[in-house]
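Please read all numbers here as calculations on a predicted model, not as lab measurements.
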Amino acid sequence: MLVGDAAALRALPGTGAGPRAVVMTMGALHEGHATLIRGARRIAGEDGQVVVTVFVNPLQFGPGEDLDRYPRTLEADLALAREAGADAVFAPSVAEVYPGGEPEVRVTAGAMGERLEGAHRPGHFDGVLTVVAKLLHLTAPDVALFGQKDAQQLALIRRMVRDLNFPVEIVGVPTVREGDNMALSSRNRYLSVADRASALELSRALLTGKAAAALGPAAVRRAARAVLDAAATAEPPVVLDYLALVDPADFTEAADDHTGEAILAVAARVGTTRLIDNMPVTFGTEERS
């Protein structure tokens with residue numbers, strides 16, 4: 001069922017006593033989104049409800065970014081969402097989400113939102129958190145699922161929910177990858193054959209870095225960096241924005257003696273397409289003999 005406004009969303013009949021699980025997307029759905037929706041279906045159960053939101057949020061696009069170019073494929077999105085187990089797709093207009101125009105009152109992402117992606121895309125996470133907060137209010141879920149591919153976004157949403165006392169559980173879902181290890185993304189469709197060949201170096205760098213975890217954080221950084229340095233001379237080249245090994249608690253750079261969980265994250269441009277990816281890495285004294 002397609003729902004276009006908040007009043008119709010509120011009028012949706014419940015399917016029973018189970019929870020409402022929400023998956024927020026910007027459309028152009030792919031198997032990664034389908035995995036999120038199937039996860040939501042499992043959580044909601046037969047008596048619950050799964051709502052998928054489709055909204056290309058203008059607040060999170062900076063000057064010169066691909067807002068107008070971002071793919072919009074609503075009919076295909078509806079089919080995928082239905083097949084994956086959604087009960088309803090909420091696809092509001094910009095005027096529905098921002099009835100007074102660009103909002104003067106927004107959620108601020110704070111210091112964690114100024115690192116990595118935030119440093120390269122100023123204001124991006126303020127836009128993300130503002131729309132997520134609005135969609136949480138509009139959809140009123142018990143559970144909301146987000147992909148771990150956007151690890152910094154997931155961490156900030158969890159922090160917002162905790163800091164602002166949203167009555168919702170946030171569930172992170174592991175990144176879905178294709179057979180060649182490329183992380184699924186709506187932006188992958190922009191890649192030419194040659195672009196994709198170069199873009200595969202991002203996941204290879206992460207895997208190479210992760211394989212060096214027993215030698216410690218410095219070795220992980222060196223191993224991943226070596227792959228990306230070579231990829232910078234490919235055709236087309238991989239133009240690096242950042243490679244970082246961070247503490248998942250606050251996305252500050254992990255120290256060389258860091259133990260426990262960390263996230264190895266990368267962002268780069270290939271041709272005209274900007275891609276991000278990350279992998280969890282675990283450090284422990286027993287691994288560093």
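At least one side-chain heavy atom of Leu9 sits less than 4.5 Å from a side-chain heavy atom of Leu12. Side-chain contact check for Met1 versus Val89: every heavy-atom pair is 4.5 Å or farther apart. No side-chain heavy atom of Pro167 sits less than 4.5 Å from a side-chain heavy atom of Asp142. The shortest side-chain heavy-atom distance between His33 and Val176 does not fall under the 4.5 Å cut-off. Side-chain atoms of Leu156 and Val128, non-hydrogen and from C-beta on, never get closer than 4.5 Å to each other. At least one side-chain heavy atom of Ile43 sits less than 4.5 Å from a side-chain heavy atom of Leu145. Side-chain contact between Arg177 and Met182: absent, with no pair of heavy atoms (C-beta onward) separated by less than 4.5 Å. Side-chain contact between Val220 and Lys210 is absent, with no heavy atoms from C-beta onward closer than 4.5 Å.
Looking at every heavy atom in both residues, Leu154 comes nearest to Gly172 through CD2-CA, 3.9 Å. Closest approach of Tyr190 to Pro71, counting heavy atoms only: OH-CD, 2.9 Å. Residues Ala155 and Phe251 share a closest heavy-atom pair of CB-CE1, 3.7 Å. Here the closest heavy-atom approach between residue Ala21 and residue Ala44 is recorded as CB-CB, 4.4 Å. Here the closest non-hydrogen pair linking Leu240 and Ala267 is CD1-O, 3.5 Å. Between Ala224 and Ala205, the shortest heavy-atom contact is CB-O, 3.4 Å.
Of the possible donor and acceptor atoms, one in the side chain of Asp5 sits under 3.5 Å from a partner among the backbone N and O of Ala8. Side chain of Asn181 to main chain of Leu202: no donor-acceptor pair is present (N/O by atom type, distance under 3.5 Å, no hydrogens or angles). In terms of modelled atom types and a separation under 3.5 Å, the side chain of Asp277 and the main chain of Val266 share no donor-acceptor contact. Formation of a donor-acceptor pair under 3.5 Å by the Asp77 side chain with backbone atoms of Ala28 is found in this model. No side-chain donor-acceptor contact under 3.5 Å links Ser198 to the backbone of Val238. Counting only distance, with no hydrogens or angles, the side chain of Asp195 and the backbone of Ser192 share a donor-acceptor pair below 3.5 Å. Judged by distance alone, the side chain of Arg41 and the main-chain N or O of Leu36 form no donor-acceptor pair under 3.5 Å. Remark: side-chain polar atoms of Tyr70 are not paired, donor with acceptor, to backbone N or O of Met26 under 3.5 angstrom. The backbone N or O of Asp87 sits nowhere less than 3.5 Å from a side-chain atom of Arg82 that would complete a donor-acceptor pair. Without hydrogens or angle criteria, Thr108 side chain to Gly110 main chain gives no donor-acceptor distance under 3.5 Å.
Under the 6.0 Å cut-off for aromatic ring centres, Phe61 and His124 do not qualify, their centroids lying 6.0 Å or more apart.
Residues Leu264 and Met112 fall into different hydrophobic clusters, defined by Ile, Leu, Val, Met, Phe, Trp and Tyr side chains chained together at heavy-atom separations under 4.5 Å. Placement of Val52 and Leu138 in two distinct hydrophobic clusters is found when ILVMFWY residues are connected by side-chain heavy-atom separations under 4.5 Å, directly or transitively.
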Using side-chain contact (heavy atoms from CB on, under 4.5 Å), reason through Phe55 and Glu96 one step at a time and then give a plain yes or no. CA-CA 10 Å; Phe55 180 67; Glu96 181 71 23; over 6 Å; no
Tell me, with the steps shown, if Arg121 and Glu114 meet salt bridge (charged side-chain N to carboxylate O under 4.0 Å, His left out). CA-CA 9 Å; Arg121 304 176 68 187; Glu114 297 173 355; over 6 Å; no
Kindly determine whether Phe146 and Ile170 satisfy side-chain contact (heavy atoms from CB on, under 4.5 Å), including the steps that lead there. CA-CA 7 Å; Phe146 295 89; Ile170 302 299; 4.0 Å; yes
Val168 vs Val161, test: side-chain contact (heavy atoms from CB on, under 4.5 Å). Steps then yes/no. CA-CA 7 Å; Val168 62; Val161 164; 4.0 Å; yes
Go through Lys134 and Asn57 one step at a time and tell me if the side-chain contact (heavy atoms from CB on, under 4.5 Å) criterion holds. CA-CA 11 Å; Lys134 290 176 74 73; Asn57 176 34; over 6 Å; no
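For Arg221 and Glu253, the salt-bridge test passes: some basic side-chain N is under 4.0 Å from an acidic carboxylate O. The residues Arg158 and Glu169 are annotated as not salt-bridged, no charged nitrogen and carboxylate oxygen being separated by less than 4.0 angstrom. Between Asp180 and Arg196 there is a salt bridge, since at least one side-chain N of the basic residue sits less than 4.0 Å from a carboxylate O of the acidic one. Contact check on Glu117 versus Arg274 returns a salt bridge, with a Lys/Arg side-chain nitrogen under 4.0 Å from an Asp/Glu carboxylate oxygen.
The local environment of CD in Glu31 is crowded, with over 12 non-hydrogen atoms from other residues, nucleotides or ligands closer than 6.0 Å.
Cation-pi check for Arg115 over Tyr242 is not met; the charged atom does not lie both under 6.0 angstrom from the ring centroid and within 45 degrees of its normal.
A side-chain donor-acceptor contact under 3.5 Å links Glu261 and Thr282.
Here the CD1-CD distance, from Ile263 to Gln152, works out to 9.0 Å after rounding to the nearest 0.5 Å. The structure places CG of Asp241 at 10.5 Å from CG of Leu116, a figure rounded to the nearest 0.5 Å.
The aromatic rings of Phe283 and His258 stand perpendicular to each other, their planes meeting at an angle above 60°, with 30° marking the opposite boundary.
Exactly one residue among His137, Gln60, Gln153, Met160 makes a side-chain contact (heavy atoms from CB on, under 4.5 Å) with Val132. That residue is Met160.
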